[in-house]
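Throughout, a chain's letter reflects where its sequence line sits, starting with A, and its residues are numbered from 1.
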There are 2 protein chains.
Amino acid sequence: MHSMVNDDGTMRAEGRGAVEAERPGIAEAERLGASTGKVKRRPRGRPRSFDRETALEKALLAFWEHGYEATSVSDLTRVMDIGAPSLYAAFGDKRSLFEEVVQVYGTRYGSFTDRALAEEPTARAAVERVLREAATAYTEAGHPHGCLVVHAAANCSTPEVEQSLRDRRNANIAAFESRIRADVAAGVLPPGTDAAALARHTGAMIQGMSQQARDGASREELEAVAEIAMSIWPRTGTHTG
Amino acid sequence: MHSMVNDDGTMRAEGRGAVEAERPGIAEAERLGASTGKVKRRPRGRPRSFDRETALEKALLAFWEHGYEATSVSDLTRVMDIGAPSLYAAFGDKRSLFEEVVQVYGTRYGSFTDRALAEEPTARAAVERVLREAATAYTEAGHPHGCLVVHAAANCSTPEVEQSLRDRRNANIAAFESRIRADVAAGVLPPGTDAAALARHTGAMIQGMSQQARDGASREELEAVAEIAMSIWPRTGTHTG
DNA sequence: TCATTTCTGTAGCGACCACTAGGGAAATGT
DNA sequence: ACATTTCCCTAGTGGTCGCTACAGAAATGA
């Protein structure tokens, strides 16, 4: 009973013309390809009655807050405001939906690490920015606290799902390590620097901060933690120590 | 079908004497009060056929590995090797069993923080010992990696359970903070020290190291992380800086 | 108008969840 | 021997899980 249904449970039986004019929005905009300019032929049959991206975002927030397993398909259909068959038709099964959610999360909320590593001149500056932005991102209003990648597959009885997020976490640490190694090779960091340990320390800090955010820490408190954590870095500028 | 049951599913109908001699161990030892010397009257009816502590330890390991919700009562009865009614009779419901497990975990596996805070002369020494012992404890063979208190109630749809472990985590951080504050007051740490932030940093490190242990980090790797983390502390001995 | 295609809601699948009634079995005290 | 107490096993309870068969509704092209 979402829409288009009267209180007595029967479908509306208005004239065709009136129904056509009632919801021209979604498929119409997609046909015109408004932003991309790509002209997409409207598919043959009945178009779906909900916006796929909006529904996906709702699923993202639900998974973020409660995790993969604690979020039931029933929960999902409720917050997405669609029926179960529509969910399965549009997103495959629950696991596929979660994978898509993780991907969207990565580009939408979890990209600050990649951006910092790409844009900052040194590993240290990148890590400092990552920790500072994590303090903000993990406590922002409008979405659950902490990091979906850290928490959403904890205690998950589907090993593939748990492993998939674990891989993402470890890949992040590997990215830190290679960036640090590059700075060591370039003489920005001292030759004896243990890049692996430094990278793992950074990963542990991020994950610990995420847990702290879930446990109620504020942005200011996490920023103070981040600042303390940054004091481990050797005090070198761009010259070898 | 655990014991005392034949392959055809019928109960054994041997002579009374033989049955009595078959399992004298558990209740007998309890009656004698072997270690404590306390003489405990054997209770009136049929004694339970399993050792309560052993079963509790099995439940502890199961909850530790899979978390509160992902560990089903069916899982528990299997690893504890008892029937569901026996579990409910001996431990109450699933939540009571988990609470008891958490308590046992605290005294059995998670007491190194309290011990370090009580025994070490300075906050810094205590934290250093905590991080070092965490590196060992979180990667020990014979039990799941990481900390039960950190992970077992993640994504838990029973808010009270989740909150209960959250309270334990935050209580640990509060303990760090008051210990640090004491050192600041005593002049062991500089007057400007931000005790709250330092304590939260320590908590985040522990939680991050626990996550790392779950993600496959070795003891040596965690020790390296701990050593790096200790470099944030002001370089003072027992004299004011 | 009409066949075709696709979506949507209903209604329910088998499996598992936490939990328990009830009866027989095994200990007790007398 | 016998009543009493307590435990354990069998066999379920109602509820929720992820998922889907089916039929009608709403779009298409001809």
Side-chain angles (χ1 to χ4, degrees), chain A residues 1-6 9-24 26-28 30-31 41-50 52 68-78 80-98 157-158, chain B residues 1-6 9-24 26-28 30-31 41-50 52 55 68-77 80-98 157-158:
Chain A
M1 247 172 266
H2 300 117
S3 59
M4 302 284 296
V5 178
N6 293 326
T10 60
M11 303 299 289
R12 289 178 193 167
E14 304 166 351
R16 292 285 174 86
V19 174
E20 274 176 29
E22 201 173 4
R23 42 171 71 255
I26 299 160
E28 198 66 20
E30 201 168 350
R31 166 165 50 179
R41 280 292 296 161
R42 192 175 200 164
R44 202 56 197 315
R46 172 180 176 177
R48 69 167 59 96
S49 63
F50 60 94
R52 196 178 186 280
Y68 173 72
E69 238 170 32
T71 305
S72 69
V73 173
S74 173
D75 293 334
L76 291 167
T77 59
R78 193 180 55 255
M80 298 165 87
D81 197 31
I82 60 177
S86 300
L87 186 153
Y88 282 90
F91 300 102
D93 60 5
K94 184 186 175 185
R95 198 168 131 193
S96 306
L97 172 58
F98 181 71
S157 51
T158 311
Chain B
M1 247 170 271
H2 300 117
S3 60
M4 301 287 295
V5 178
N6 292 325
T10 60
M11 303 301 288
R12 290 179 192 167
E14 304 167 351
R16 292 284 174 87
V19 173
E20 275 174 31
E22 201 172 6
R23 41 172 72 253
I26 298 160
E28 199 66 22
E30 202 168 348
R31 166 166 50 183
R41 280 295 295 162
R42 191 176 201 166
R44 202 56 198 312
R46 170 180 175 179
R48 70 167 57 95
S49 63
F50 60 94
R52 196 177 184 280
Y68 174 72
E69 238 169 35
T71 306
S72 70
V73 172
S74 174
D75 293 333
L76 291 167
T77 59
M80 298 164 88
D81 197 31
I82 61 178
S86 300
L87 185 154
Y88 282 90
F91 300 102
D93 60 4
K94 183 186 175 185
R95 199 169 130 194
S96 306
L97 172 57
F98 182 71
S157 52
T158 310

For the student: nearest non-hydrogen atoms of B:A90 and B:R48, plus distance: CB-NH2, 3.8 Å
Approximate separation, where rounding is to 0.5 Å, of B:L76 CG and B:F91 CZ: 9.5 Å
Interatomic distance, A:R52 CZ vs C:dC7 P [rounded to whole Å]: 11 Å
Using a heavy-atom cut-off of 4.0 Å across all strands, would you classify B:T71 as base, sugar-phosphate, or nothing? sugar-phosphate
Mapping B:A89 and A:P85 to their closest nucleotides on DNA chain D, which lands nearer the 5' end? B:A89
In whole angstrom, what separates A:D93's CG from D:dC17's C1'? 14 Å
Considering heavy-atom distances to DNA chain C, does B:G92 or B:G45 have its closest nucleotide positioned more toward the 5' end? B:G92
Testing C:dA27, D:dC8, C:dC19 for proximity to the side chain of B:R48, the answer is D:dC8
Just to be sure I understand the rule, does A:S157 reach a base, reach only the sugar-phosphate, or reach nothing, if contact means heavy atoms closer than 4.0 Å? nothing
If the cut-off is 4.0 Å, is A:Y88 near the phosphate of D:dC19, judged by side-chain N/O to OP1 or OP2? yes
Separation of atom CE in B:M80 from atom P in D:dC8, rounded to whole Å: 11 Å
Give a yes/no answer on whether the side chain of B:S49 brings an N or O atom under 4.0 Å of OP1 or OP2 in D:dC8. yes
Any A:S72 side-chain nitrogen or oxygen under 4.0 Å from OP1 or OP2 of D:dT16: no
With sugar-phosphate meaning primed atoms plus P, OP1 and OP2, does B:A84 contact a base, only sugar-phosphate, or nothing at under 4.0 Å between heavy atoms? base
